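First comes the structure, then the notes that go with it.
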Amino acid sequence: MINKELKLYNTLTNKKEKFEPINKDRVGMYVCGPTVYGEAHLGHARSAITFDIVFRTLKYLGYNVRYVRNFTDVGHLVNDADSGDDKVEKQASKENKEPQEVAQYYEAKYLWAMDNLNCLRPSIQPLASGHIIEQIDLVKALLDKGLAYISEGSVYFDVEKYDKTVKPYGILSHRTLENTKDNSRTLSGQEEKHNPFDFALWKKAPKEHIMKWQSPWSEGFPGWHLECSAMSRKYLGQEFDIHGGGMDLIFPHHDCEIAQSVGAYGNMPAKYWLHNNMITIEGRKMGKSYNNFITITEMFSGEHHLLQKAYNPMTIRFFMLMAHYRSTLDFSNDALIAAEKGLNRLFEAKDKINSLPESKESSFDAKKLIDDTINAVLDDFNTPIAIATLFEIAKHINSVMDKKETITKEDKDFLQTNFNDIIDNILGLKNDNKGNNEDVIKGLMSLVLDMRKHARENKDYQTSDQIRDALQELGIEIKDSKDGAQWRLNK
RNA sequence: GGUCUCUUGACCGAGUGGCUAGGUGCCGGUCUGCAAAACCGUUUACUCCAGUUCGAAUCUGGGAGAGACCUCCA
């Protein structure tokens, strides 16, 4: 264990707090994952990257972390109670596929994208559809406590009763029930509910609904917030350390989760609630509902009208880490390009450490700079400060290389270990600038063949033969024809 | 309408009551046959108004603008 203090901003208290795990060296973290009815976009990436940093930092500190992130493949209603449609199912009928088919497809795509962004896979990635029994049990527990009621085959959470008899509703978003009452929209089809702000725990499925399960109340499906309460409890226990997600989940999602868990089991599910801010695009939140999102696939390929070019995964990751996770981050090509160049500079410095000339003395305090970097990360995951400090170190590395500064062997070894450790393991930035080799080879070949053609036109057969022979050595066969030269790689 | 947040230089983006954040760009330099790359140096700043203070971009009050949540949402 590394004996350093980690501070994190707790939405519950609106304060930065010292992290003290419930168990000495084990940490449980639950993060709300995506609803798998569409492709992952930059917003999903931000959330995944944010909590990847949390995960990596905790591991760096020596904690044994169990990181749980769910896939929501069922149960999120499109439009409150009035339609009863399920997002996954709706998408399925649109694509003429089985709901499970759609969910699995997007689940795989999501994982592919996050793997590329070098996000470590969570320890457990449960599916909502695989935990119907646990969710039914939770509904039962709430009914037993009298905090839920049955209406027309559906079960609703009695928010008012909970608020009066158990705990104030809305403690995470810091709003009062009075406040919520005043502002709840009156939606159609809510006659089943006692109050408009009550939320569904179990919904009776309309006959055309495909995704449905047997329950004591009706053939139906679980309510919007239930899965996270049920699954976090199953894998992390009744009380765990960190619960995370996007800021847009604070209300109602996380407040409902709290109400369900506290109502059923008596205690707060998590101690620390962490929320990442949104990615914006032209000042607006990026999201499906605004139809202004860029998928990660599009980022990698550059095929989107707002993209000037393709961006590689590490550029995207670095771009996100250059802003603090609790600030909104505005998407722009300029910022991405700036990130790309900056990251390369950092990688170049990293590669140089090994070949630095050693001296008797160091002209700068490597230990302090590394300390500053780590302390920045430990101060509520302040990656922008950490990165700024890494750039400072990079500048020193370059200066030593230019013989304007000096470094001892000891400091050099220290940097080699720690600079790399921070970049590789804490920030999770890896230098895999392999790029698209095929395009490069094609370009190179047309260039080489062009030069050979010129040589032949000038009757410089010595050069043209030299090119052909050298290519032959590399396993590239040249075939001259009337229409020019063709080539083939014999491997 | 209610609750809350934000407003920093050409762009992105940190931050603290007093000391140049950092990146990208621009400009200058080193290097170079020329160029590019690389490296070094430099430059422009805190939405407006009033107040507290020896001193505020940072605290307080007010104005303007933007955004988030209040409905599924990372």
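Everything quoted here is computed from the prediction, not taken from an experiment. Note on naming: letters A, B, ... go to the chains in the order of the sequence lines (proteins, then strands), and numbering restarts at 1 for each one.
Straight-line distance between the C1' atoms of B:rC27 and B:rC19: roughly 27 Å, to the nearest whole Å. Comparing the P positions of B:rG63 and B:rG1 gives an interatomic distance of 13 Å, to the nearest angstrom. A gap of 13 Å separates the P atoms of B:rA45 and B:rA57, to the nearest Å. Atom name P, nucleotides B:rG61 and B:rU24: the rounded distance is 39 Å, in whole Å.
Note on A:Phe331: nothing from the nucleic acid sits closer than 4.0 angstrom, heavy atoms only. At the heavy-atom level, A:Met247 lies nowhere under 4.0 Å from the strands shown. Looking at heavy-atom distances under 4.0 Å, A:Gly43 makes contact with a base. Contacts of A:Asn277 with the nucleic acid, taken as non-hydrogen atoms under 4.0 Å apart, include base atoms. Residue-level contact check: A:Met401 touches neither bases nor backbone, having no heavy atom under 4.0 Å from any strand. Residue contacts for A:Gly245: at a heavy-atom cut-off of 4.0 Å it reaches the sugar-phosphate backbone alone, with no base atom in range. Among the protein residues, A:Lys403 comes within range of no part of the nucleic acid, since none of its heavy atoms lies under 4.0 Å from any strand.
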| note | Each nucleotide of nucleotides 28-36 of chain B classed B (base within 4.0 Å of a protein heavy atom), S (only sugar-phosphate) or -, in 5' to 3' order, makes ---------
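Residues A:His396 and A:Ser327 both approach RNA chain B. Their nearest nucleotides, taken by heavy-atom distance, put A:Ser327 toward the 5′ side. For A:Ser173 and A:Arg46, each mapped to the nucleotide of RNA chain B holding its nearest heavy atom, the one lying further toward the 5' end belongs to A:Ser173.
Closest to the side chain of A:Asn179, from the set B:rG2, B:rC69, B:rA74, is B:rG2. Out of B:rU71, B:rA74, B:rA14, the shortest distance to the side chain of A:Pro252 is found at B:rU71. Distances from the side chain of A:Ser332 to the nucleotides B:rU3, B:rC12, B:rC70 place B:rC12 closest. Counting only heavy atoms from C-beta on, A:Lys352 has its side chain closest to B:rC39 among B:rA74, B:rC69, B:rC39.
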| task | Starting from the C-alpha separation in whole Å, work towards a yes-or-no answer on salt bridge (charged side-chain N to carboxylate O under 4.0 Å, His left out) for A:Glu17 and A:Lys7. | result | CA-CA 5 Å; A:Glu17 295 177 13; A:Lys7 280 185 280 184; over 6 Å; no
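Every residue two or more places apart in sequence or in another chain that forms a side-chain hydrogen bond (donor to acceptor under 3.5 Å, both in side chains) with A:Lys16 is listed here: A:Asp379.
The aromatic rings of A:Phe318 and A:Phe391 stand perpendicular to each other, their planes meeting at an angle above 60°, with 30° marking the opposite boundary. Ring-plane geometry between A:His225 and A:His253 is classed as tilted, the angle between the planes lying from 30 to 60 degrees on a 0 to 90 degree scale.
Distance, A:Phe197 CZ to B:rC69 C1': 18 Å, rounded to whole Å. A straight line from CG of A:Asp248 to P of B:rA68 spans 11 Å, rounded to a whole angstrom. Between A:Phe319 atom CZ and B:rA14 atom C1' there is a gap of 15 Å when expressed in whole angstrom units. Taking atom CZ of residue A:Phe347 and atom P of nucleotide B:rA38, one finds them 15 Å apart after rounding to whole Å.
With both pairing distances under 3.5 Å, B:rA56 is matched to nothing as a Watson-Crick or G-U wobble pair.
Under 4.0 angstrom from either OP1 or OP2 of B:rC40 there lies at least one side-chain N or O belonging to A:Asn398.
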Close N or O pairs between protein and nucleotides 21-25 of chain B (under 3.5 Å):
from: B:rG23; atom 1: OP1; to: A:Arg345; atom 2: NH2; distance (Å): 3.1
from: B:rG23; atom 1: O2'; to: A:Ala338; atom 2: O; distance (Å): 3.4
from: B:rU24; atom 1: OP1; to: A:Arg345; atom 2: NE; distance (Å): 3.3
from: B:rG25; atom 1: OP1; to: A:Lys341; atom 2: NZ; distance (Å): 3.1

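In this structure, CG in A:Leu42 is found 10.5 Å from OH in A:Tyr311, a value given to the nearest 0.5 Å.
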